[in-house]
Number of protein chains: 2
Amino acid sequence: MGNAYNVMAATCPSRTVLHRIGARWTVFIVNALDNRPMRFTELKAHIRGITPKALTETLRAMEYDGLISRTEVPANPPHVEYALTDLGRSLLIPLRAVREWAESHVPDIERARAQADAQR
Amino acid sequence: MGNAYNVMAATCPSRTVLHRIGARWTVFIVNALDNRPMRFTELKAHIRGITPKALTETLRAMEYDGLISRTEVPANPPHVEYALTDLGRSLLIPLRAVREWAESHVPDIERARAQADAQR
DNA sequence: AGATACCGGTATCGAATCTATACCGTCCGA
DNA sequence: TCGGACGGTATAGATTCGATACCGGTATCT
C-alpha cells in the first residue's frame, strides 16, 4: 500500500491526527460509545473521573475531526446524543485493541515497576 | 476471557497504564523501535521534533514500566541502546495499528475539518 | 405559583506538563 | 590539544489540565 504520510515527520499532517487520537480522553470516549450513542451526563458518569470541561473539549475536538456526531434530540425533555460516525467506528478497532492491551497487561506492568523499585 | 480490570473506573490500575500508553510520545518510540534497537541520538533524529527532555522522560518512564530496555554497550566508543522488551513488542501490535490508522485517514479528517470550518 | 432537580454545559484559577533553548561532561580521532 | 559526537541536564516560558463553582433552560413536585 505505502501511503504518502509518515507520523515520524514533524510537519506531516498525520502527526496532528495522531496527536488528536492520543489526547488524554479520546480513547475513553471512543470505547464508551462502542455499542450505542450516549448523552453528555451519561458519558460523564461512565468515564469515571473526567471533568465536564475535559469532556466538553474532547467531544468538540472529536466532532470537529468527524469522529463523532452531536445531535440535539427535540424530544420531551430535549437532550443531546453523541454517537460515533463511520470514521469514529473505524478508529474504534485500533483503540479497542489499545484498551484491551491496557486491561490485560496490568500485572506485567506492576511487576516491572516493582522490580524497578526494588533495584534502586 | 473477562478480566478484572476496567479502564472506565477512575481508580483501576489499568487507567494509569492507559494513561502511560497514551502519553504524548510513547506511540512514536514504540513504532520507531519496531524492527531494531536504536540509540538516543538516533531516536531523536528519527522522531522529528521531539526534544531531548521529552525523549529522556518518556524513555525513563517506559523503562520503568518494562516496555523497553536500556543497555550501555561497552564498545569503543561506548554507547547506549534502547530496545523493545517482549512486553513492549506486544504493545507494538495495537500501537502500530493506531499509527497506521492515523497515516491512512488523514484525508478523511482534513475533509471533516474543512467541512466544519465551512459550516461556521 | 414557587421550589426543586436534572441536563448540558461555562468560568475561573492554580497546578502540572510540555517546548524551546542553552549548556555540560565524557570519550574519541585528528 | 582541538573539535565533534554522544547522552543527556537545567532553566524558563507557554500550554494544558484538573478541581471547583456556577448558570440558564426545562420539567416535575407541592
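Just the heavy atoms: all of them, side chains too, but no hydrogens, waters or symmetry mates, feed the values below. Lettering follows sequence order; numbering is per chain, from 1.
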How close or far is atom [atom2] of [N] from atom [atom1] of [X], stated in whole angstroms?
X	N	atom1	atom2	result
B:Ile47	C:dT19	CD1	C1'	16 Å
B:Arg70	D:dG7	CZ	C1'	8 Å
A:His19	D:dT16	NE2	P	8 Å
A:Phe28	D:dG18	CZ	C1'	15 Å
B:Ile68	D:dG7	CD1	P	13 Å
A:Leu59	C:dC7	CG	C1'	14 Å
B:Ile50	C:dT19	CD1	P	8 Å
A:His79	D:dG25	NE2	C1'	16 Å

Pairwise side-chain contact, [X] with [Y], heavy-atom cut-off 4.5 Å (strictly under):
X	Y	result
B:Val30	B:Leu67	no
A:Leu87	B:Ile109	yes
B:Phe40	B:Leu59	yes

Does one side chain, of A:Arg99 or B:Asn6, offer a donor that lies under 3.5 Å from an acceptor on the other?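 Judged by distance alone, the side chains do pair up.
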
Give a yes/no on whether any side-chain N or O of [X] is located under 4.0 angstrom from OP1 or OP2 of [N].
X	N	value
A:Trp25	D:dT16	no
B:Arg60	D:dT9	yes
A:Thr41	C:dG8	yes

For A:Pro77, report the nucleic acid contact type (base, sugar-phosphate, nothing); a contact means any heavy atom under 4.0 Å.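 Counting heavy atoms under 4.0 Å across all strands, the contact made by A:Pro77 is with sugar-phosphate only.
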
When all nucleic acid strands are considered with a 4.0 Å heavy-atom cut-off, which category describes B:Lys53: base, sugar-phosphate, or nothing?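 Base, at least one base heavy atom under 4.0 Å.
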
Between A:Gly49 and A:Asn76, which residue's closest nucleotide on DNA chain D lies nearer the 5′ terminus?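 Comparing both residues, the 5'-ward one is A:Gly49.
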
5′-ward residue of the pair A:Ala23/A:Pro52 relative to DNA chain D: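 The residue whose closest nucleotide sits nearer the 5' end is A:Ala23.
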
[X] side chain, from C-beta outward: closest of [options]:
X	options	result
A:Phe40	D:dG8, C:dT19, C:dG9	C:dG9
B:Arg24	D:dG7, D:dA27, C:dT19	C:dT19
A:Arg39	C:dT10, C:dC7, D:dG8	C:dC7

Give the minimum heavy-atom separation between A:Ala32 and B:Met8, together with the two atoms involved.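 Closest approach of A:Ala32 to B:Met8: N-CE, 3.7 Å.
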
Can you work out whether A:Tyr82 or B:Glu57 has the more 5'-proximal nearest nucleotide on DNA chain C?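 So the residue in question is A:Tyr82.
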
Salt-bridge contact B:Arg15-A:Glu103 (side-chain N to carboxylate O under 4.0 Å):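 A salt bridge is absent here (no side-chain N lies under 4.0 Å from a carboxylate O).
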
With a 4.0 Å cut-off on N to O distance, would you call A:Glu42 and A:Arg36 a salt bridge?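 Salt bridge between A:Glu42 and A:Arg36, a charged N being under 4.0 Å from a carboxylate O: yes.
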
Checking A:Thr26 side chain against A:Gly22 main chain: does a donor-acceptor pair fall under 3.5 Å?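 Judged by distance alone, no pair lies under 3.5 Å.
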
So what is the end-to-end bend of the helix from C:dA1-D:dT30 to C:dA30-D:dT1, with 5 pairs used at each end and the value given to 10 degrees?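 Result, rounded to 10 degrees: 0°.
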
